[in-house]
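Just follow the structure's listing: the first ligand is 1, and inside any ligand the first atom is 1.
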Amino acid sequence: MNQIPRDLAVLGGAPWFDRPVAVGRPITGDRQRFMGRVHEILDRGQLSNNGPVVQEFEQRVAEALGVRHCISTCNATTGLQLALHAVGATGEVIVPSLTFVATAHAASWLGLRPVFCDVDPVTRTIDPDLVEALITPRTTAILGVHLWGRPCAVDRLAKIAHNHGVALLFDAAHAFGCTADGRAVGGFGQAEVFSFHATKVVNSFEGGAVVTNDEEFARTVRSMRNFGMDEERQVRSLGLNAKMSEVGAAMGLTSLEAFPRTIEVNMRNFLAYQEELSGIPQITLLDFQPGESHNYGYVVIEVTPDEDGITRDVLFQALRAENVISQRYFSPGVHTMPPYAAPAHRLPITDRVASRVLALPTGPDTTRQEINAISMLIRLACGNGRAVSRRLQHARSTLPSPTGAQ
Ligand SMILES: Cc1ncc(COP(=O)(O)O)c(C=O)c1O
């Protein structure tokens, strides 16, 4: 590791990286195989409408997750909408606030009211103890989020949903390849929804999937994804155009083939960060449950503010000056965002976690040298908190605010 003391860029030094090293660099797999698939698609002349590549992708995803049905979609946001509509959600849906805004938007767009629940301080996923207290006669569904691939308390939530007669769905956008108590994410609740957005561990440029073991539910979602048509193209219900394209599915298949290596490299990256960041008092690297499978797609640290002025936002800016594009995933809590903010919302754990979290670059394009350098920069910034925070205070007006964007 490069231990040479140097001036941080915020203190006047040159940026460590001469090009951006960012969170969410796409994982595209074997380009030849992808291009081969694209040529086949063009030769065949079917670009969409449940073509053979989409069908193959759905089959491979279902096999990988051990579920009976996979209905691919053009993104996870519409997948969530289809799933919520298919369970007949009306009135209120209980969701965490510590998530990407799409979880709440999907419900809200359907005219449902997202009721925000705080998270468990240890798992940072929706707190089952608090969920129960939020259930009212208007509640029709609970939508948990496996945040950063860390599974929700699936069994406790299932029990609560069952006891109250409400639907249970999971936003599994981050959790492809993860397990809860040894069981693959994908089979929990009535359905789970994955994202294959370009920044995810498996991507189809844009894309998502609703997966379920319930045949009737699968048939409903499949029809709703295609304007509410059945196999004979008769319109049976309200529907959307939420179909994945053939070229998207070609990328999905190619990136799925790369997935074993993606996990291997991500795990190695995570362990490298663990080693390099150890002993920095302000930094806690969020660990994963031992004995479970993870995709390690998100390397997340929590920054404990100190009296010298080190905060998550100070560190974010200090890294940005070095060309390290970390992300404040997920900040601020959705309950504070304009469409949802209300004085009654009090979610102290979400507020605390959201103000401290920072996702660091990982993925197959991230090298050990980059991880060493990023960790060294974090160590240097935390060790020079007073100078760094003072300097940034002067520049505050130029700082972008957190968006929690993808
Ligand atoms: C937790 C969560 N839910 C839903 C989504 C929406 O996924 P998509 O971009 O595929 O619509 C995202 C996207 O990053 C997400 O992080």
Numbered atoms of ligand 1 (with element) below 4.0 Å of His174, judged on heavy atoms: 1 (C), 2 (C), 15 (C), 16 (O)
Heavy-atom side-chain proximity of Val357 to Ile301 below 4.5 angstrom: no
Any donor-acceptor N or O pair under 3.5 Å, side chains Gln282, Asp306: yes
Worked verdict on Ser375 versus Asn372 for side-chain hydrogen bond (donor to acceptor under 3.5 Å, both in side chains): CA-CA 5 Å; Ser375 305; Asn372 289 359; 5.8 Å; no
Shortest non-hydrogen contact between Val210 and Gly79, atoms and distance: CG2-O, 3.5 Å
From the candidates Cys74, Ala173, Ala175, Ala209, the one that places a heavy atom nearest atom 2 (C) of ligand 1: Ala173
Per-atom contacts of ligand 1 with Ser195, taking only distances under 4.0 Å to non-hydrogen atoms: 7 (O), 8 (P), 10 (O)
Sub-4.0 Å heavy-atom contact, Ala106 with ligand 1: no
Thr284 and Arg356: side chain donor to acceptor below 3.5 Å: no
Test of proximity, His197 against ligand 1: N or O pairs below 3.5 Å: no
His335 and Phe116 aromatic ring geometry - parallel, tilted or perpendicular at 30°/60° bounds: tilted
Within the 6.0 Å centroid threshold, strictly below: Phe205 and Phe196: no
Which segment of Ala102 sits under 4.0 Å of ligand 1 when only heavy atoms are counted: side chain
Contacting atoms of ligand 1, where contact means under 4.0 angstrom from a heavy atom of Lys200: 13 (C), 14 (O)
Gly207: numbered ligand 1 atoms lying under 4.0 Å from its heavy atoms: 10 (O)
Ligand 1 to Asp171 polar contact by distance, N or O atoms, under 3.5 Å: yes
Identity of the nearest option to atom 11 (O) of ligand 1, non-hydrogen atoms only, from Thr77, Leu143, Leu98, Thr73: Thr77
Thr103: numbered ligand 1 atoms lying under 4.0 Å from its heavy atoms: 3 (N)
Thr99 and ligand 1 - part of the residue with a heavy-atom distance under 4.0 Å: side chain
Chi angles and distances behind the side-chain hydrogen bond (donor to acceptor under 3.5 Å, both in side chains) call for Thr140, Glu92: CA-CA 6 Å; Thr140 56; Glu92 297 175 356; over 6 Å; no
Ligand 1 N/O within reach of Phe100 N/O, cut-off under 3.5 Å: no
Any side-chain donor near an acceptor of the partner, Thr366 and Arg25, under 3.5 Å: yes
